[in-house]
Each structure stands twice: as C-alpha cells, then as structure tokens.
Amino acid sequence: MSNAEVADKLASFGQLLSSQPEKNPYKVRAYQKAAALIRVLPASLDEMVRQEVDLTGLPGVGEAIADAIREIVLTGSLGRLESLRAQSSPELARISDYPRLDPKRVLRVYKKLNIASIEGLRDALDAGLIEQQLGMRMAQHVRQALMPVEAMLLYKADALRASVEEFLVGPCDARRVEVAGGYRRRTEVVDELTFLVEAEDFAAVVRTMQSYGGETPLVRAGKSSAAFGLSAGIVLRLRQAYPTNWGLSLIACTGSMSHLRKLSAVTGSIAKLRASGDAFPDEESLYAQFGLGFIAPELREGLDEVRRAQMGTLPALVSVDDIRGELHAHSLSSDGSNSIEQMAATAQMRGYEYLGITDHSQSLKIAGGVSPDDLWKQVRYIDRLNERLSGIRILKSSEVDILQDGSLDYPDDLLKELDYTVCSIHSRFGLGKEEQTERIMRAMDNRYFNILGHATGRLLLKRPGYEIDVARVVMQARQNGCFFEINSSPDRLDLSAENARMAGEAGVKIAVSTDAHSVREFGLVRYGIDQARRAGLEKSSVLNCLPLEHLSSLFRR
DNA sequence: GCCGTTTTCGGCCCGACTGTTTTCAGTCG
C-alpha cells in the first residue's frame with residue numbers, strides 16, 4: 001500500500017464531505033491537510049501501521065484520522081468514504097476519483113455547460129469552453145486536478161529532494177548521488193526530480209526505491225535508468241552514472257534541452273562524447289576541453305550562455321552572501337507576526353546592514369493597512385529606535401498600494417518622510433493590459449515611487465497574475481529612476497527570471513526581497529536569488545547588495 | 001477533526017469589495 005493511495009482516500013473523503021450540506025469546514029480541512037502531509041511523507045505508512053507505530057505523532061493526524069489510515073492500510077478501503085460515495089449522486093461519486101477536484105466548483109461547471117461526467121469535463125476543458133464561460137481560474141483548477149502529474153513548487157521539492165537523496169544513499173546503498181534536471185537549474189516549479197546515481201548494483205537500487213514511502217510504483221525501467229511515480233505527484237528519475245563520466249552525465253541530465261542543443265553545436269553530440277572514451281569526471285573538465293567557462297546550472301536555458309561561455313563573458317552571478325539588507329518586510333503594524341525589534345534582531349543575526357519595514361498602506365484593510373496617522377507615528381518610532389540600535393539601520397518605508405487610477409495610497413507629505421517606498425498592486429487585477437500598464441506607469445511618475453513590488457501579481461500554480469506590458473514598464477522605470485523587485489516568496493517569484501533578465505539588461509536594478517511576514521521568512525531570500533541567477537544578474541544589478549549610502553542616493557529622485 | 005507556554009474547550013486570520021457567475025461566494029495579503 002503506497003502513501004499515495006492512503007492520501008487519495010483521505011482526500012476523497014474530505015472532498016465528498018465538503019459537498020455535504022451540514023459540513024464542518026474544519027473537518028474537511030483536517031482531512032485535506034493530513035492527505036497533503038502523507039503525500040510527502042518518506043516513511044511507509046503501511047510499515048508504520050503493521051509495526052503499530054503511534055500515527056498521532058504525525059502532525060495533523062489525531063485519533064480519528066489515525067484510525068482511518070489503519071483501516072485503509074489493513075482493509076484496502078475506508079468505510080466512511082464508501083458510505084458517503086454510496087449516498088452521493090453518480091456525478092459526485094465519479095468526481096471523488098479525482099481528489100484534487102473541488103466538487104462544488106465542478107458541479108457549477110456541469111450545470112453551466114450542461115455536462116455530467118469527467119469525460120465531458122475533460123472535453124469542455126480541451127475545447128476551451130470552461131475558460132470561455134467560467135473564466136481562467138476555473139479552467140486552471142480543472143486542468144490541474146485532472147492532470148496525472150502534479151507540478152510542485154521548488155521550495156516543496158527541496159524537502160522531497162533531501163528525503164529521496166537520503167533514501168538513495170541509505171536503504172538503496174548508492175555510492176554517490178547528485179540531483180540534476182530542472183531542480184538543479186532552480187526552475188520555480190518542477191514536475192520531476194532527476195538523480196544521477198552511482199551504485200555497485202543499479203538494478204538493486206531500482207528495486208529498493210520501489211519501497212520508498214510505502215510503495216513508489218516503477219513507471220518505466222531501462223538498464224541504466226528508471227522512472228517512478230512519487231506519492232507527491234511528481235516523477236522521480238534515476239540515471240546510472242560512472243565516476244569517469246560523471247561530469248558528462250551530469251550535464252546531460254541537468255539540461256535544459258535547448259541548452260544541450262546549443263552546447264552540442266560546440267562539443268558535438270553527447271552520445272558521441274560518451275562513445276569517444278574521453279573521461280569527464282566533472283563538468284568543469286568537459287567545458288574546459290572545449291574552451292568554455294563553467295556555465296552555472298541556473299543559466300542553462302539555451303539563451304546566450306554557450307556563446308558567452310565561449311567568449312569568456314559569463315556573468316559572475318549574485319549569491320545569497322552578497323545580500324546586505326532586506327527591503328520588503330512586514331511587522332505587527334500590518335499583517336506581520338513579529339515586532340519591528342524582533343525583525344531587526346533577526347536581520348542583524350543574518351549579518352544585514354539594513355532592514356526596510358514595509359507595512360501595508362491604508363487601503364488594504366484585510367492586511368491591517370496602516371492609517372496615515374499610524375504611519376506618522378511609526379516614522380517617529382523608527383527614528384527613536386535607530387538611535388538606540390547599533391549595527392543595523394531600520395529604514396522607514398511602506399508597501400504602498402497603487403490605486404486604480406495610478407495614484408499612491410498616502411499623501412506626498414507623508415511619503416516624503418519615508419526613506420523609500422515599495423509600491424504594489426493589490427486590487428483590480430482584472431483591468432486590461434493597457435489600463436494596467438498605464439496604471440503602473442502613472443504611479444512611477446510620483447517622485448516618491450521607488451520599487452515596484454511583485455510586478456505581475458502571479459501566484460505560481462494558482463493564478464497567472466494581471467496583465468502588464470513589462471517592456472514598457474521597464475522603460476518607464478529606467479527613465480524615472482525606479483526599481484523592480486524579485487519577490488522571493490516561493491509561490492510568487494515575481495518578477496519571473498525572464499522579466500528580471502529584461503529589466504537587468506535595460507540597466508534597471510532589482511531588489512531581491514522576501515516580503516517576510518515573520519522572522520522565519522528571511523531565509524526565503526535564497527529562492528529570490530535562484531531567480532536572480534536564472535536572470536543572469538550580477539551583484540551590481542541587485543539593489544540590496546549595495547551599501548546603505550549608495551542605496552539612499554538611488555532612492556532620492 | 002486537530003491542537004494546546006490557551007490543557008479538555010474553543011479557535012482554526014479577517015473584512016471590505018466585486019460582479020453579471022452564484023446578490024453570495026470568491027477574492028485580495
């Protein structure tokens with residue numbers, strides 16, 4: 001019994017429960033949370049049940065859900081799920097085979113499009129009818145729920161990577177293991193994990209891997225490679241490699257495809273290299289043999305990196321150690337969970353020289369937007385705080401809403417008191433591209449506008465973000481002396497690497513910010529740095545790699 | 001249904017906007 005099967009049943013139960021008239025939404029959530037946890041659990045629930053391990057030790061699992069798990073493992077089914085299915089309409093029962101579908105939303109689609117089956121749903125999706133009649137969100141929801149393979153945010157894959165790697169060198173007895181693929185290139189979303197594996201007996205590794213997380217089904221197996229379906233919903237690929245050619249294999253498995261195409265124009269095909277008998281124990285040796293500088297994995301997307309490696313003009317990519325401060329962070333004054341002092345102490349522990357406090361502005365009521373009066377008070381408070389702090393400087397700032405007409409959410413005489421501003425859109429996502437672009441450009445005309453926060457508003461795997469003409473906004477920023485941010489929040493990573501590259505090439509500096517809402521979130525900066533590196537940014541292009549004096553002069557327009 | 005420096009109940013964000021959908025539910029952070 002795989003963890004995935006257990007998770008599916010719990011999720012289906014939660015799903016059916018949610019369409020019951022007298023449901024307890026917290027109960028629904030409890031089942032869904034437990035299912036989500038189980039999907040990424042490395043230990044085998046099947047084994048845990050048989051060894052009578054106390055399941056309530058798992059977070060989100062109490063007596064009731066522990067019983068359910070035991071029942072599923074020991075009998076193969078869940079009574080309460082089956083009786084709920086029996087009570088449900090046939091449509092609803094079929095929907096419950098797809099635990100990621102939200103039944104209430106699907107029933108709305110059924111009614112609107114006059115369909116009554118999963119097949120009908122799939123057809124309507126493919127024909128674009130769902131997007132047309134019920135909007136992009138709904139279409140995205142249905143698409144994601146029907147897809148066999150789930151995509152996963154990079155930061156979630158981090159934990160999974162560590163757990164699989166441990167399993168490979170532990171129970172699987174691999175001698176050497178290294179992750180490759182899109183994960184190594186730090187793409188923001190991954191749908192597979194690829195590992196290079198050196199082992200005495202590769203077939204045995206493949207056999208043992210199938211017991212990861214209870215059971216991890218083998219999808220495809222060759223002599224020197226294998227693919228598995230992880231409970232977490234993504235594919236796990238293993239590829240056998242040898243010490244003499246480790247570097248060559250690593251390049252091949254790291255990709256991307258378009259990078260390899262451009263690379264092989266210089267080196268000849270990978271297959272030929274493999275057959276040549278030359279040894280490439282590491283990547284550097286291969287690049288060096290063809291007169292190329294080392295190309296960082298984050299750059300291997302088939303843009304200009306191979307040409308630049310030939311000319312010796314690859315960028316010296318920014319790294320986490322280059323960061324000197326944080327420019328987007330919230331405190332208790334709006335929707336953060338820690339005081340300014342606590343945030344400052346943590347920033348200082350990280351070795352930062354400055355910390356900008358950017359609480360939400362007055363219009364954003366739900367996030368505890370700060371009234372003008374309270375911001376005046378906060379400005380004076382931070383002045384006094386700075387007098388007694390040493391080693392770190394708190395910058396007076398705000399995450400100022402860009403209102404629908406492009407005006408900013410505070411009067412100029414208040415904005416003037418701030419060291420700088422982060423200005424963001426939090427409302428009216430539905431405006432057309434032209435209108436949205438104009439809105440931001442108008443906002444940039446305000447001399448107190450400094451950094452554009454999360455420029456497109458996207459939430460990865462959830463929502464595409466509003467439409468703007470990024471190229472025009474970049475030009476406006478350059479002209480007006482404004483800056484962008486890469487928001488490091490793992491479900492935003494906004495600007496995208498592509499847009500950040502565009503801004504960087506136009507000479508517009510970018511803040512790599514965390515948007516931290518608590519002291520725990522400062523560390524997320526590494527995900528922003530991943531994207532900055534994918535954008536080819538050097539530290540000279542990153543705003544918060546600059547010393548404070550330089551920064552302050554850039555913020556005065 | 002889970003959880004607890006709130007310990008056996010009561011909370012688990014929240015609250016103002018938006019729209020042609022469904023005038024309530026979805027949406028913003």
Side-chain angles (χ1 to χ4, degrees), chain A residues 10-11 13-20 22-38 54-69 78 80-81 84 102-114 129-141 328-337 358-371 398-404 409 422-431 436 453-454 456-459 462-466 487 489-492 494 513-518 521:
Chain A
L10 295 179
F13 182 69
Q15 179 197 36
L16 279 180
L17 208 59
S18 75
S19 54
Q20 294 293 101
E22 301 119 46
K23 60 176 180 209
N24 170 359
Y26 297 109
K27 185 170 167 180
V28 173
R29 203 177 305 165
Y31 276 91
Q32 288 168 338
K33 254 176 69 181
L37 160 99
I38 287 169
D54 179 17
L55 298 173
T56 60
L58 300 169
V61 176
E63 284 305 330
I65 291 182
D67 275 345
I69 294 172
L78 181 62
R80 67 192 90 162
L81 170 63
L84 213 49
D102 174 6
K104 278 168 72 185
R105 299 174 81 182
V106 175
L107 292 178
R108 233 167 70 209
V109 178
Y110 281 4
K111 200 170 150 199
K112 175 96 182 172
L113 299 178
N114 198 23
L129 286 174
I130 297 183
E131 169 148 14
Q132 219 174 71
Q133 304 218 20
L134 292 120
M136 186 154 48
R137 291 273 167 95
M138 184 66 93
Q140 194 169 359
H141 167 69
H328 188 163
H330 297 264
S331 78
L332 291 171
S333 307
S334 62
D335 59 349
S337 326
T358 53
D359 280 304
H360 286 291
S361 61
Q362 54 181 332
S363 288
L364 203 63
K365 304 268 190 239
I366 187 168
V370 179
S371 71
S398 168
E399 182 175 11
V400 187
D401 263 50
I402 299 172
L403 304 179
Q404 185 175 358
D409 199 19
V422 175
C423 301
S424 312
I425 284 183
H426 292 117
S427 62
R428 303 307 304 253
F429 280 31
L431 296 183
Q436 204 70 279
H454 46 71
T456 73
R458 74 171 178 178
L459 290 181
K462 273 204 202 118
R463 114 189 145 197
Y466 38 84
N487 190 296
S489 173
D491 57 352
R492 288 190 182 274
D494 179 15
S513 298
T514 61
D515 203 351
H517 282 68
S518 77
E521 291 173 20

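Throughout, a chain's letter reflects where its sequence line sits, starting with A, and its residues are numbered from 1. Every value quoted in this text rests on a predicted model; they were computed, and no experiment measured them. The basis for the numbers below is simple: all heavy atoms, side chains too, and nothing from hydrogens, waters or symmetry mates.
- In terms of position along DNA chain B, the nucleotide closest to A:Met138 lies nearer the 5' end than the nucleotide closest to the other residue of the pair A:Met138 and A:Asp102.
- Side chain of A:His141 to main chain of A:Asp102: a donor-acceptor pair is present (N/O by atom type, distance under 3.5 Å, no hydrogens or angles).
- Within the nucleic acid shown, A:His330 has no heavy atom closer than 4.0 Å to any nucleic acid atom.
- Note on ring orientation: taking the six-membered ring where Trp is involved, the planes of A:His330 and A:His517 are parallel (angle under 30°, cut-offs 30° and 60°).
- If you take atom C1' in B:dT27 and the same atom in B:dT21, they sit 14 Å apart, rounded to whole Å.
- Using modelled atom types and a 3.5 Å distance limit, the side chains of A:Thr514 and A:Glu521 yield no donor-acceptor pair.
- Not a single donor-acceptor pair under 3.5 Å links the side chain of A:Asp401 to the backbone N or O of A:Asp409.
- Nucleotides B:dT18 and B:dT6, compared at atom C1', are 37 Å apart to the nearest Å.
- Taking side-chain N and O atoms only, A:Lys365 has no distance below 4.0 Å to OP1 or OP2 of B:dA16.
- Put simply, A:Arg492 has no side-chain N or O that comes within less than 4.0 Å of OP1 or OP2 on B:dC28.
- Nucleotides B:dT7 and B:dC3 are separated by 10 Å at their C1' atoms, to the nearest Å.
- Inter-residue side-chain proximity for A:Phe13 and A:Leu84 is flagged as met; some heavy-atom pair is nearer than 4.5 Å.
- A close approach under 4.0 Å does not occur between any side-chain nitrogen or oxygen of A:Arg463 and OP1 or OP2 of B:dT27.
- Between the C1' atoms of B:dC14 and B:dT20, the separation comes to 26 Å (whole Å).
- To the nearest whole angstrom, the two C1' atoms, one in B:dG19 and one in B:dC12, are 29 Å apart.
- Look at A:Tyr26 and the base of B:dC2; the rings do not stack under the cut-offs of 5.5 Å between centres and 30° between planes.
- Nucleic acid contact for A:Ile65: sugar-phosphate only, since backbone atoms but no base atoms lie under 4.0 Å from a heavy atom of the residue.
- Side-chain proximity of A:Lys27 to the nucleotides B:dC28, B:dG1, B:dC12 is greatest for B:dG1.
- Across all strands shown, A:Gln133 has no heavy atoms under 4.0 Å from either base or sugar-phosphate atoms.
- Nearest-nucleotide mapping onto DNA chain B: of A:Gly60 and A:Gln404, the residue sitting toward the 5' end is A:Gly60.
- Taking atom P on both nucleotides, B:dC17 is separated from B:dG10 by 33 Å, rounded to a whole Å.
- On a pure distance criterion of 3.5 Å, a polar donor-acceptor pair joins the side chain of A:Asn24 and the base of B:dG1.
- Taking the C1' atom of each, B:dG11 and B:dA16 are spaced 23 Å apart, rounded to whole Å.
- Closest to the side chain of A:Arg428, from the set B:dG29, B:dT18, B:dT27, is B:dT18.
- Using a 4.0 Å cut-off, some side-chain N or O of A:Arg137 falls inside it from OP1 or OP2 of B:dC28.
- You won't find any donor-acceptor pair under 3.5 Å spanning the side chain of A:Arg108 and the base of B:dT21, going by distance alone.
- Backbone-only contact: A:Val61 has heavy atoms under 4.0 Å from sugar-phosphate atoms and none from a base.
- A:Thr56 places no side-chain N or O within 3.5 Å of a backbone atom of A:Val61 that could act as its donor or acceptor partner.
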